[in-house]
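This report concerns only the one structure given below.
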Protein chains: 2
Amino acid sequence: MSDRGRVLLAITGMDLDAWKEAFTSHSPDLQTVSTVDPAEAASIRYAVAWKPEPGSLEGFPQLRAIFSAGAGVDHLLGYPGLPDVPIVRVVSPDLTQRMSEYVAWQALDHLRRGALYRRQQRDHIWDEPPGQPAAGEVTVAIMGLGVLGTDAALKLKGLGFRVTGWSRRPKDVDGVITYHGEDGLTAVLADADILVVLLPLTEATRGVLAGDLFRRMKRGGPLGAPILINAGRGGLQNEDDILTALDAGVLGAASLDVFNREPLPADHPLWEHPRVTITPHAAAASMPSALVPQMVRQMEAIEAGKPVENLVDRSSQY
Amino acid sequence: MSDRGRVLLAITGMDLDAWKEAFTSHSPDLQTVSTVDPAEAASIRYAVAWKPEPGSLEGFPQLRAIFSAGAGVDHLLGYPGLPDVPIVRVVSPDLTQRMSEYVAWQALDHLRRGALYRRQQRDHIWDEPPGQPAAGEVTVAIMGLGVLGTDAALKLKGLGFRVTGWSRRPKDVDGVITYHGEDGLTAVLADADILVVLLPLTEATRGVLAGDLFRRMKRGGPLGAPILINAGRGGLQNEDDILTALDAGVLGAASLDVFNREPLPADHPLWEHPRVTITPHAAAASMPSALVPQMVRQMEAIEAGKPVENLVDRSSQY
């Protein structure tokens, strides 16, 4: 047993073995466990958690911090009886990079009429309809300007898009027109051709992607109707409202990586909608090999009495 | 008639009216014609040409320059009896921007397994196979480091890809590992997961995208087998060899925007290949409204005896 104690892996819905292997490979002296004999509860100093089972995080008197194994922390903040220790979020260049890839990929697929050209290919049709806008004629609004939203904004800007951003509190991002608060939301939506959502899931954001918000988006832009890209959390979106807005032409198309129920049930109508692009919560996989070194460094900092980075603020819920 | 004379539009396969309108809107005093009475041949001082009909460019004693209406100039250099006047290529930020959008879009679609997730959506399958590489683990090689290739290289770099480049003659591009000449070609191919082709069509490049070249590409990279993206010219590629290489696993996939025969015949087997993405020569449309101002500026420079930019070198054929 190392002097950092043992690490509890309270993980569901991710590959537990990959996490074990990543710890073993990076820190062979650091023991990980996924179940704990009550007699040894005091050996647990840290937990790495993803959607932990009820009861799995309590009863560890020496617990010093809980690390979220993925970008969101709603799965922890919604956990009944969450121990009163620091909650540490994942901020990883690898995860940030992957999220920006996803956002750029989907924004370009909508800009460059991917669905149209795939349909034409299926039917052997050679036709280039007029009116293809350049990226600079299209405004992408990023909701949520944390680490992920900021990086996505800068990469979209680099591709030539006009980029705006919205966050709850004021934020500055180079070359990006930023808005904040409720008034700012009205302004950013009214000006958005593509809305990219990278918000945390909190009491304030749950269900925010609904009919009322969609109706506040820009009409008559160069892409026809506004487009939604949600790579944040499924709980942000009202899926019935998305389908209604698509069929009413209030939304032109949607790329969804997250859903209220995951896996998305096989009989859910979103699968079949011709203007919906579904990926299986794959926008930015948490790669244990990329995240463990950072977690171990943070554990060492805590042991040395140094300040912890990327602490979750329980009052703002992210 | 303006003192710049009249402008002949010798254009096929593009929207002639859009060119006329763009000239009228930008320079109302500049007369454009698409047919010329022989008695008025001396009034033609400039021609804007795209795949001109045989015989359409000769017999203009006052012709001072021919402007290509699109990025390639092979349609002019292959024209029998091409008048001995300067040939001016299109170099437009708009066209460059659109080409880089296409290249980034297709590179990301291959990186992020677009075809797999579309197939899974069709079948209502929720599955994220392991092994998704990040862009930094994937090498994109750009063949052709002119204005288009250089811009695409920098934008791919900005998205996080490892980027290399090859050109006939040595070129430097910031942050991009560049190769040149025949030895350089062997090195760049052996290291490429995705090959993006933005070469001009010349005697030296015709048919270069063939079995021999595909077999020199990297094996066992993070995407499985190497991927071809041709947004240059159809004449660069041997389409039978592409199909053979795909079916033999020598190529993993291909995105083709250009073809030997355009429109691609409806019965061509490329349409149906599950690992081929076809767009109808739409990667970077020549938008007359974006190109005419630059052409008129160049005409004015020639009238004023100033040097012409973006002159085609007939000996190197681009």
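All of these numbers come straight from a predicted model, not from anything done at the bench. All chains are named by letter (A, B, ...) in the order of the sequence lines, taking the proteins before the strands, and each is independently numbered beginning at 1.
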For [X], is it the side chain, the backbone, both, or neither that has a heavy atom closer than 4.5 Å to a heavy atom of chain B?
X	answer
T279(A)	both
L116(A)	neither
D127(A)	backbone
Y102(A)	both
H273(A)	backbone
E128(A)	both
L154(A)	neither

*Could you check which of A134(A), A283(A), A285(A) has the highest count of heavy-atom pairs closer than 4.5 Å to chain B?*
A134(A)
_I'd like to know which of L270(A), D267(A), V276(A) tops the heavy-atom pair count under 4.5 Å against chain B._
V276(A)
*Please look at P133(B) and chain A and tell me whether the side chain, the backbone, both or neither of the residue comes under 4.5 angstrom of a heavy atom of that chain.*
backbone
*Taking the side chain as C-beta and beyond, is there a heavy-atom pair between D109(A) and W105(B) under 4.5 Å?*
yes
*Test item: R112(A) and E101(B) side chains (from C-beta on) under 4.5 Å apart, heavy atoms*: yes
_Winner by heavy-atom pair count (cut-off under 4.5 Å) against chain A, out of R122(B), E262(B), Q106(B)_ = E262(B)
Can you measure from [atom1] ([X]) to [atom2] ([Y]) and round to the nearest 0.5 angstrom?
X	Y	atom1	atom2	result
L111(B)	R98(A)	CG	CZ	8.5 Å
R118(B)	R118(A)	CZ	CZ	4.0 Å
L156(B)	L159(A)	CG	CG	8.5 Å

*Backbone N or O of E272(B) within a donor-acceptor pair of the Q121(A) side chain at under 3.5 Å?*
no
